[in-house]
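The next block holds one structure in the form of structure tokens; read it before the comments.
Given the structure is predicted, the values throughout are model-derived calculations rather than measurements. Residue numbering restarts at 1 for every chain, and letters A, B, ... go by the order of the sequence lines.
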Amino acid sequence: MGILFLDTHTLDFDVTLHLFCLDLIRGIQYEIKDLRYRVCVRSSYILLNQGGVMNKSQLVEALAKTENLTIKTAEEVVNTVFKEMEKELVRGSRIEIRGLGSFKVKEYASYNGRNPKTGKIIKVQGKKLPFFKVGRGLKEMVDT
Amino acid sequence: MTLTKADLTDSIYNRLDFPKHKSARLVETLLEILKETLQNGEDVLISGFGKFCVKEKRERRGRNPQTGEDMTLRLRRVVTFRCSGVLRDRINEKG
């Protein structure tokens with residue numbers, strides 16, 4: 001088992017990561033000392049992840065690596081996709097992505113609520129919220 | 001009208017200088033990464049849009065509402081979506 005020293009602030013972080021990947025391919029196992037990181041090995045790339053959440057820039061990076069794009073181009077692709085989805089929801093229409101799921105804007109009527117601290121009755125304004133329904137493909141992928 | 005994968009492909013095709021088939025592949029890859037990440041049990045946070053969360057549901061006793069039959073819902077993992085505040089305000093025309 002090898003020990004990997006990771007310092008994301010150094011310039012040779014990419015080099016370290018590259019060597020690390022080569023080791024993984026050779027079948028050498030690593031113990032992750034810093035528990036803030038999780039190593040996620042996927043079909044085409046390896047990602048060091050902090051705390052089990054992937055954010056947009058990591059998604060951009062993963063797309064760039066998988067498709068051999070520059071970060072800037074990958075970023076534009078990601079932004080375009082989510083902007084397009086946002087525009088559709090603002091318009092109030094549906095989104096249906098096969099394998100992922102569908103989005104629909106639900107309208108909630110206004111109701112009389114209570115301030116839990118003071119017990120005062122207040123009127124809660126009606127609102128619209130997007131509702132996501134998981135598609136069958138993703139549902140089965142996640143639940144195994 | 002419903003937004004589909006084809007519309008997303010078109011928007012990439014129009015915005016970036018990629019041919020149609022490449023645009024379609026990029027959309028496909030992006031969704032694949034998103035799904036694989038969720039499959040690994042990680043959440044995906046898209047700032048300004050929302051967060052896809054993976055939640056572990058405990059085993060519980062439920063009832064089939066159609067037949068009234070008692071049944072046990074096993075331990076399972078589900079995906080939920082939490083809308084970002086920015087998107088919520090835009091949808092409600094505040095932003």
Side-chain angles (χ1 to χ4, degrees), chain A residues 38 40 42-45 47 49 51-59 62-63 66-67 69 73-74 76-103 105 125-134 137-139 141-144, chain B residues 1-5 7-18 22-23 25-55 57 74-84 86-88 90-93 95:
Chain A
R38 279 179 37 182
C40 308
R42 304 217 172 87
S43 41
S44 44
Y45 56 93
L47 203 76
N49 200 359
V53 181
M54 182 192 243
N55 59 28
K56 195 157 86 178
S57 57
Q58 286 167 321
L59 181 60
L63 180 67
T66 316
E67 289 289 338
L69 302 171
T73 312
E76 236 175 307
V77 172
V78 172
N79 284 340
T80 307
V81 165
F82 287 105
K83 257 276 156 319
E84 208 59 33
M85 285 166 62
E86 184 191 309
K87 269 199 279 180
E88 203 67 13
L89 291 175
V90 170
R91 236 181 272 151
S93 31
R94 267 170 56 87
I95 301 174
E96 198 179 308
I97 311 289
R98 274 289 143 82
L100 184 80
S102 59
F103 293 86
V105 178
Q125 293 270 307
K127 64 194 161 195
K128 289 188 246 175
L129 282 178
F131 176 79
F132 175 66
K133 186 165 186 279
V134 190
L138 179 61
K139 195 173 174 179
M141 265 173 94
V142 170
D143 188 29
T144 37
Chain B
M1 265 302 282
T2 310
L3 186 88
T4 61
K5 243 187 255 181
D7 299 308
L8 294 177
T9 302
D10 283 346
S11 68
I12 300 288
Y13 171 75
N14 290 331
R15 251 195 90 92
L16 292 115
D17 223 4
F18 288 127
K22 172 105 182 179
S23 307
R25 216 186 74 185
L26 291 178
V27 171
E28 208 59 64
T29 307
L30 175 62
L31 294 172
E32 213 43 59
I33 293 169
L34 189 76
K35 288 194 278 181
E36 272 184 49
T37 309
L38 292 168
Q39 186 182 26
N40 273 322
E42 285 168 66
D43 297 349
V44 180
L45 172 70
I46 311 292
S47 56
F49 187 76
K51 187 178 183 185
F52 294 91
C53 307
V54 181
K55 272 195 181 161
K57 293 274 189 186
R74 61 183 175 80
L75 189 111
R76 66 212 159 96
R77 269 163 126 198
V78 295
V79 179
T80 58
F81 175 73
R82 283 201 47 139
C83 172
S84 107
V86 182
L87 178 61
R88 195 185 55 214
R90 293 235 173 96
I91 288 174
N92 290 283
E93 292 143 89

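- For the set B/Glu32, B/Lys57, B/Lys51, B/Arg74, the entry with the most heavy-atom pairs within less than 4.5 Å of chain A is B/Arg74.
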Could you go step by step and tell me if A/Phe103 and B/Phe81 meet the ring-ring contact (aromatic ring centres under 6.0 Å, His included) rule?
CA-CA 10 Å; A/Phe103 293 86; B/Phe81 175 73; 5.2 Å; yes
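- Only the side chain of B/Val54 comes within contact range of chain A, judged by heavy atoms closer than 4.5 Å.
- For the atom pair A/Leu138 CG and B/Phe52 CZ, the distance stands at 9.0 Å (nearest 0.5 Å).
- Side-chain contact between A/Asp143 and B/Val78: absent, with no pair of heavy atoms (C-beta onward) separated by less than 4.5 Å.
- Side-chain contact check for A/Met141 versus B/Leu38: every heavy-atom pair is 4.5 Å or farther apart.
- Looking at heavy atoms from C-beta onward, B/Leu87 lies in side-chain contact with A/Glu86 at the 4.5 angstrom threshold.
- Taking 4.0 Å as the cut-off between side-chain N and carboxylate O, A/Lys128 and B/Glu93 count as a salt-bridged pair.
- Using a 4.5 Å heavy-atom threshold, the side chains of A/Val53 and B/Glu42 count as separate.
- For chain A, no part of B/Arg82 is nearby; none of its heavy atoms comes within less than 4.5 Å.
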What do the steps show when you test A/Met54 against B/Ile33 for side chain to side chain contact (heavy atoms under 4.5 Å, CB included), and what is the final call?
CA-CA 10 Å; A/Met54 182 192 243; B/Ile33 293 169; 3.9 Å; yes
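- Between A/Glu88 and B/Leu8 the shortest side-chain heavy-atom distance does not fall below 4.5 Å.
- Each of A/Arg91, A/Arg94, A/Glu84 was compared with B/Leu3 under the side-chain contact (heavy atoms from CB on, under 4.5 Å) criterion, and only A/Glu84 meets it.
- No side-chain N or O of A/Glu96 forms a donor-acceptor pair with one of B/Thr2 less than 3.5 Å apart.
- A salt bridge is absent between A/Lys87 and B/Asp7; no separation between the charged side-chain nitrogens and carboxylate oxygens falls under 4.0 Å.
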Show your reasoning for whether side chain to side chain contact (heavy atoms under 4.5 Å, CB included) applies to A/Val105 and B/Ile91.
CA-CA 9 Å; A/Val105 178; B/Ile91 288 174; 4.1 Å; yes
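- By the 4.5 Å heavy-atom criterion applied to side chains, A/Leu63 and B/Thr29 are counted as neighbours.
- Contact of the B/Tyr13 side chain with the A/Thr80 side chain is not registered, since no non-hydrogen atoms from C-beta on lie closer than 4.5 Å.
- At a 4.5 Å heavy-atom cutoff, the contact between B/Leu30 and chain A is made by backbone and side-chain atoms alike.
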